[in-house]
Amino acid sequence: MIRRPPRSTLSSSSAASDVYKRQVSTQSTGDRFLVLREGNLVISLKKGDKEAKPMSVTAISSVVPVPFHSAKMEGVFAIHTTDQKAMWMQATNKAEAFEWIHKLQQAMGVS
């Protein structure tokens, strides 16, 4: 079951690169924080965690919205990796999910 996270936080962009931070929920592991920075996506357990291993956006094959009838929740999107794995994430709402999709696709160079 996907849990709805508390309010999200958004960081402004820096001059060097886009930084986009949000708290999301994953289907199997509960709340996580995502950070998109300098071509890497970091999924961490705690806000500001510097120990999490980054995943290059080149390891992402697609980012797509998950329909409500499949997820049974609003604001769910899927990150598919080049090694055939899929991660379902949930933003606080549908608009925020589409922001994530757009930012990740921009970082991948497909949007």
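Keep in mind that the numbers below use all heavy atoms, side chains included, and drop hydrogens, waters and symmetry copies.
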Minimum-distance pair of heavy atoms, taken over all atoms of F68 and E74: CD1-OE2, 3.5 Å
pair M89-I43: side-chain heavy atoms closer than 4.5 Å: yes
Taking every non-hydrogen atom, the tightest pair across A78 and W88: CB-CD1, 3.8 Å
With sequence neighbours excluded, residues passing side chain to side chain donor-acceptor pair (under 3.5 Å) with T81: D83
Pair V63-W100, side chain to side chain contact (heavy atoms under 4.5 Å, CB included): steps then yes or no: CA-CA 9 Å; V63 183; W100 265 110; over 6 Å; no
Same cluster (ILVMFWY, side-chain, under 4.5 Å), L36 and F98: yes
Distance (rounded to the nearest 0.5 Å) between M108 CE and I79 CD1: 9.5 Å
Residue list, side chain to side chain contact (heavy atoms under 4.5 Å, CB included) with K72, at least two apart or on another chain: none
Spacing of L34 atom CG and L104 atom CG [to the nearest 0.5 Å]: 7.5 Å
Worked check of side chain to side chain contact (heavy atoms under 4.5 Å, CB included) between M55 and I60: CA-CA 8 Å; M55 175 177 62; I60 299 172; 4.0 Å; yes
Derivation of the side chain to side chain contact (heavy atoms under 4.5 Å, CB included) call for V76 and K94: CA-CA 7 Å; V76 178; K94 196 174 187 178; over 6 Å; no
Beyond-backbone contact of L41 with P54, side-chain heavy atoms, under 4.5 angstrom: no
Pairwise distance CD(E99) to CZ(F77) - rounded to 0.5 angstrom: 10.5 Å
Heavy-atom pair of closest approach, residues A91 and A97: CB-N, 3.5 Å
Residue pairs fulfilling side-chain hydrogen bond (donor to acceptor under 3.5 Å, both in side chains) with at least one residue in residues 61-70, sequence neighbours excluded: S62-H80
